[in-house]
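Worksheet: the structure to be examined is printed underneath.
Below, chain A is the first sequence line, B the second, and so on; all start at residue 1.
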2 protein chains.
Amino acid sequence: MKALARKPIEVANQAPWLDTIIKGDCIAALEKLPSASVDLVFADPPYNLQLEGGLTRPDHSVVDAVDDHWDKFDSFEAYDAFTRAWLLAVRRVLKPDGALWVIGSYHNIFRVGAMLQDLGFWILNDVVWRKANPMPNFRGKRFTNAHETMIWASRGQGSKYTFNYEAMKAFNDDVQMRSDWLLPICTGGERLKDGDGHKVHPTQKPEALLARVMLASSKPGDVILDPFFGSGTTGAVAKRLGRHFVGVEREQAYIDAAQARIDAVETAPAAALELLKGKRSEPRIPFGTLLERGLIVPGAVLTDSRGRHQARVRADASLESGAMMGSIHRVGALVQGFDACNGWTFWHVHHNGRLTSIDDLRKIVRDELAAAGG
Amino acid sequence: MKALARKPIEVANQAPWLDTIIKGDCIAALEKLPSASVDLVFADPPYNLQLEGGLTRPDHSVVDAVDDHWDKFDSFEAYDAFTRAWLLAVRRVLKPDGALWVIGSYHNIFRVGAMLQDLGFWILNDVVWRKANPMPNFRGKRFTNAHETMIWASRGQGSKYTFNYEAMKAFNDDVQMRSDWLLPICTGGERLKDGDGHKVHPTQKPEALLARVMLASSKPGDVILDPFFGSGTTGAVAKRLGRHFVGVEREQAYIDAAQARIDAVETAPAAALELLKGKRSEPRIPFGTLLERGLIVPGAVLTDSRGRHQARVRADASLESGAMMGSIHRVGALVQGFDACNGWTFWHVHHNGRLTSIDDLRKIVRDELAAAGG
DNA sequence: GTCATTTTTGAATCCATTG
DNA sequence: CCAATGGATTCAAAAATGA
């Protein structure tokens with residue numbers, strides 16, 4: 001009876017590897033599966049982050065980096081060889097009309113994408129996971145690394161891949177689902193913790209992300225393979241959505257955590273809608289956007305509503321008023337001698353002959369951009 | 001006088017290729033430029049690799065559709081060779097501390113990114129241009145392709161690339177700029193049209209995109225190279241923002257349209273082009289200067305903002321707190337049990353009856369020095 | 001128990017200058 | 001070249017703590 005608990009969907013003479021986690025190296029383990037037996041692959045391979053020194057936050061706390069042995073490669077050549085090997089192994093077990101998703105960051109995704117193409121996969125979309133709450137860039141040296149990239153590819157150019165277009169559109173307020181998805185990272189109760197409260201896996205993916213992937217590109221009953229199973233998000237979501245899964249994982253600790261997690265999942269297609277829901281928020285319009293849209297030009301003079309204070313707009317969207325420089329909020333505060341100021345309502349500009357708050361100009365832009373916000 | 005119109009920034013003995021469009025093949029034309037002469041590269045290479053009507057090579061010759069199995073392989077190889085060649089040519093003319101942006105879609109960006117890494121460029125971010133108004137997927141077979149990817153890379157791992165962090169943060173309402181940018185595609189009056197109302201160039205990029213790139217990663221007066229100049233967006237924005245440009249373009253029609261476009265651009269006033277600077281660019285002032293100026297006297301007691309820790313100032317501008325001695329930073333770290341501390345913001349002293357951070361006292365000194373002209 | 005405030009944390013290729 | 005050190009730097013969301 002215990003064995004049955006691992007098999008959410010009962011099938012007569014079901015293959016023994018269905019809905020199980022195979023322990024072992026990805027390439028060796030996949031040799032145990034028959035050719036053309038898998039409908040969809042979701043792969044979250046090591047990113048080869050190449051981290052060197054440590055990193056602390058401005059409050060001096062230490063950032064818990066991904067320094068696991070499985071993410072270390074000697075060179076790009078070694079990483080490419082690894083990528084080629086697992087992609088070939090996956091390709092063998094994939095059905096001719098099957099498809100593949102790979103997730104990665106700029107450290108590895110370009111190499112993976114090029115190798116995919118070299119091996120004959122046919123890229124259908126690259127999909128950007130925009131993180132609602134990414135880790136900031138603590139040292140202020142780059143842009144906040146606020147997204148990861150997923151590549152969706154069919155096995156070959158002619159493959160009749162699955163795409164549930166109408167379902168995606170329906171869940172997206174009747175507009176086509178775009179290639180940029182806004183979703184929070186995995187935290188809170190969803191994040192697996194060990195007895196000491198430490199995260200079980202350093203890079204656990206959110207279930208909402210996997211749910212969108214499966215609802216978009218698989219059918220109930222499909223077999224979904226995850227060759228880097230980790231904490232088992234793929235398995236948990238597959239079971240919940242009535243898909244079969246196969247996982248491959250080397251570390252016993254991850255296997256144990258994933259199995260317990262999956263055992264606790266109830267198959268409930270009704271949960272699909274809940275899982276699919278992304279974060280839909282009003283797009284935030286920064287002041288710089290008003291310059292980009294030409295509503296304000298560099299060199300323009302802003303004043304408060306009564307003309308007591310004024311400041312000049314620079315090309316980088318900062319303000320300058322005498323020796324005072326900074327954002328609309330900062331300079332608004334400085335000219336008034338306050339600690340803080342809402343620059344949007346404080347500053348005005350002549351627009352179509354009338355003194356208009358820049359907040360009103362923002363409304364114009366917001367209406368134009370509203371459609372892309374989700 | 002006509003020639004002068006092409007040079008927005010007058011420089012004595014300015015290199016003849018500055019602020020011009022060089023006609024010719026990208027690789028051959030770049031041989032005319034000296035090594036290490038360019039600060040920033042923006043490249044929008046061709047990526048018409050897998051168009052529906054058949055395959056075309058990078059040289060626009062049509063691939064025979066009959067033996068497309070081999071040509072697919074050949075064309076990826078040809079594209080890689082082309083990418084390698086132009087990246088090497090660009091690399092030669094790039095200054096050691098220069099940087100590069102490349103924009104592309106899933107058809108080509110993975111190959112470009114992998115080649116960048118192979119040639120020693122160091123990826124700083126991948127930035128996603130989210131299109132506010134993308135072309136829908138008419139056949140409903142995929143997700144709406146609503147973004148393009150840009151790779152920002154320095155010439156090498158140790159390069160001291162330019163990043164105007166504070167300017168970007170002010171631009172974005174005082175939160176650091178993320179790697180996903182929402183911008184409309186190029187339409188309306190900005191889109192170049194020929195006499196018949198047809199668009200001059202099929203993939204004209206919006207000026208707002210280029211403006212953000214330049215404001216983030218270049219300084220006024222920098223030299224910006226665009227090896228695939230096309231309709232000249234890079235040149236137009238560079239001129240408007242007070243940067244120099246060099247363009248390379250093969251098609252005379254594009255050159256003519258771009259030159260006319262650039263000639264019509266006005267450079268923004270110099271005052272509007274100054275970049276917001278942060279503390280990093282302020283002149284260094286040693287703590288001892290505060291004693292020399294009499295703002296702090298030897299023997300004075302410093303405390304943190306909440307009065308939990310204290311230390312005494314010695315005549316040599318070192319601090320002592322019990323057995324702990326050293327610089328303001330060192331003692332600040334020691335009393336808190338940290339391995340680092342910014343003593344300027346940590347330590348406070350009573351000044352004119354108010355508890356004031358020594359960082360604020362430093363500002364007084366800086367203002368005095370600025371007033372004295374350095 | 002409720003609400004307000006503080007603390008914690010996340011796939012990160014995250015410093016610059018002087019001696 | 002390396003070592004030492006001055007000193008600049010964070011956002012959103014959830015959990016934990018406090019009133």
For the [atom1] atoms, the ones on [N] and on [M], what distance do you get once it is rounded to whole angstrom?
{"N": "C:dG10", "M": "D:dT9", "atom1": "P", "result": "25 Å"}
{"N": "D:dG7", "M": "C:dA12", "atom1": "P", "result": "30 Å"}
{"N": "C:dA11", "M": "D:dA15", "atom1": "P", "result": "15 Å"}

Q) For DNA chain C, what are the stems built from at least three Watson-Crick or G-U pairs in a row, each pair having both distances below 3.5 Å? A)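 DNA chain C stems, ordered by first number: C:2-10 with D:11-19, C:15-19 with D:2-6.
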Distance-only polar pair, side chains of [X] and [Y], donor-acceptor under 3.5 Å:
{"X": "B:Arg178", "Y": "B:Asn172", "value": "no"}
{"X": "B:Trp122", "Y": "B:Ser159", "value": "no"}
{"X": "B:Gln157", "Y": "A:Glu52", "value": "yes"}
{"X": "A:Glu148", "Y": "A:Ser105", "value": "no"}

Answer with base, sugar-phosphate or nothing: what part of the nucleic acid does [X] contact at a heavy-atom distance below 4.0 Å?
{"X": "A:Ala132", "answer": "sugar-phosphate"}
{"X": "A:Pro45", "answer": "base"}
{"X": "A:Asp44", "answer": "base"}
{"X": "A:Glu190", "answer": "nothing"}
{"X": "A:Cys186", "answer": "nothing"}
{"X": "B:Arg178", "answer": "nothing"}
{"X": "A:Pro134", "answer": "base"}

Figure out the [atom1]/[atom2] separation between [X] and [N], and round it to whole Å.
{"X": "A:His60", "N": "D:dG7", "atom1": "NE2", "atom2": "P", "result": "14 Å"}
{"X": "B:Asp339", "N": "D:dG7", "atom1": "CG", "atom2": "P", "result": "17 Å"}
{"X": "B:Asn342", "N": "D:dG6", "atom1": "CG", "atom2": "C1'", "result": "9 Å"}
{"X": "B:Asp126", "N": "C:dA11", "atom1": "CG", "atom2": "P", "result": "16 Å"}
{"X": "A:Asp64", "N": "C:dA12", "atom1": "CG", "atom2": "P", "result": "9 Å"}
{"X": "A:Asn145", "N": "C:dA12", "atom1": "CG", "atom2": "P", "result": "8 Å"}
{"X": "A:Glu148", "N": "C:dG10", "atom1": "CD", "atom2": "C1'", "result": "11 Å"}
{"X": "A:Asp68", "N": "C:dA11", "atom1": "CG", "atom2": "C1'", "result": "10 Å"}

Q. Is the shortest heavy-atom distance from the side chain of B:Trp347 to the side chain of B:Val335 under 4.5 Å?
A.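 Yes - at least one pair of side-chain heavy atoms lies under 4.5 Å apart.
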Q: Using the ring of B:Trp181 (Phe, Tyr or Trp, six-membered ring only), decide whether B:Arg212 places NZ or CZ under 6.0 Å from its centre and within 45 degrees of its axis.
A: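 Because its charged atom sits under 6.0 Å from the ring centre and within 45° of the axis, B:Arg212 does stack over B:Trp181.
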Q. Is any side-chain nitrogen or oxygen of B:Lys169 closer than 4.0 Å to OP1 or OP2 of D:dT10?
A.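 Checking B:Lys169 against D:dT10: at least one side-chain N or O falls below 4.0 Å of OP1 or OP2.
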Q | C:dG10 OP1/OP2 closer than 4.0 Å to side-chain N/O of A:Lys199 | A |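 For A:Lys199, the contact criterion (side-chain N or O under 4.0 Å from OP1 or OP2 of C:dG10) is met.
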Taking NZ, NE, NH1 and NH2 as the nitrogens, is one of them in [X] or [Y] under 4.0 Å from a carboxylate oxygen of the other?
{"X": "A:Arg261", "Y": "A:Glu207", "value": "yes"}
{"X": "A:Asp44", "Y": "A:Lys205", "value": "yes"}
{"X": "B:Lys277", "Y": "B:Glu282", "value": "no"}
{"X": "B:Lys279", "Y": "B:Asp359", "value": "yes"}
{"X": "B:Arg84", "Y": "B:Asp118", "value": "no"}

Looking only at side-chain atoms of [X], point me to the closest of [options].
{"X": "A:Pro58", "options": "C:dT9, C:dA11, D:dT10", "result": "D:dT10"}
{"X": "B:Tyr165", "options": "C:dA11, D:dG7, D:dT10", "result": "D:dT10"}
{"X": "A:Arg191", "options": "C:dA11, D:dT10, D:dA8", "result": "C:dA11"}

**Q.** Pairs flagged by salt bridge (charged side-chain N to carboxylate O under 4.0 Å, His left out) wherever residues 307-322 of chain B is involved - sequence neighbours left out
**A.**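 Sorted result for residues 307-322 of chain B: empty, none.
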Q: Decide side chain to side chain contact (heavy atoms under 4.5 Å, CB included) for A:Leu182 and B:Asp180; before the verdict, give the C-alpha distance in whole Å, the side-chain angles of both, and the deciding distance to 0.1 Å.
A: CA-CA 11 Å; A:Leu182 179 65; B:Asp180 52 339; 5.8 Å; no
Q) Do A:Arg57 side-chain and C:dG10 base share a donor-acceptor contact under 3.5 Å? A)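 By the distance-only test, yes, there is a pair.
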Q: Can you sort out the partners of A:Phe76 under ring-ring contact (aromatic ring centres under 6.0 Å, His included), two or more places apart, ordered by chain and number?
A: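 Partners of A:Phe76 under the ring-ring contact (aromatic ring centres under 6.0 Å, His included) test: none.
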Q: Specify the residue among A:Asn48 and A:Gly197 whose closest nucleotide of DNA chain C lies further upstream toward the 5′ end.
A: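 In this pair, the answer is A:Gly197.
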**Q.** Mutual orientation of the aromatic rings belonging to A:Phe143 and B:Phe163 [parallel < 30°, tilted 30-60°, perpendicular > 60°]
**A.**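 Answer is perpendicular, since the angle exceeds 60°.
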Just the table, please: protein N/O against nucleotides 2-5 of chain D N/O, every pair under 3.5 Å.
none

Between the protein and nucleotides 14-19 of chain C, are there any N/O to N/O pairs under 3.5 Å, and if so, what are the atom names and distances?
residue: C:dC14; atom: O2; partner: A:Asn137; partner atom: OD1; Å: 3.2
residue: C:dC14; atom: O2; partner: A:Phe138; partner atom: N; Å: 3.3
residue: C:dC14; atom: O2; partner: A:Arg139; partner atom: N; Å: 2.4
residue: C:dC14; atom: N3; partner: A:Phe138; partner atom: N; Å: 2.9
residue: C:dC14; atom: N4; partner: A:Pro136; partner atom: O; Å: 3.2
residue: C:dC15; atom: OP2; partner: A:Arg139; partner atom: NH1; Å: 3.1
residue: C:dC15; atom: O4'; partner: A:Arg139; partner atom: NH2; Å: 3.4
residue: C:dC15; atom: O3'; partner: A:Lys141; partner atom: NZ; Å: 3.3
residue: C:dA16; atom: OP1; partner: A:Lys141; partner atom: NZ; Å: 3.1

Q. For every nucleotide of nucleotides 14-19 of chain D, 5' to 3': is a protein heavy atom under 4.0 Å from its base (B), only from its sugar-phosphate (S), or from neither (-)?
A. SS----
Q.
I need the minimum non-hydrogen distance between A:Arg362 and A:Ile285, along with the two atoms involved.
A.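 Smallest heavy-atom distance, with atoms named: CD-O, 3.5 Å.
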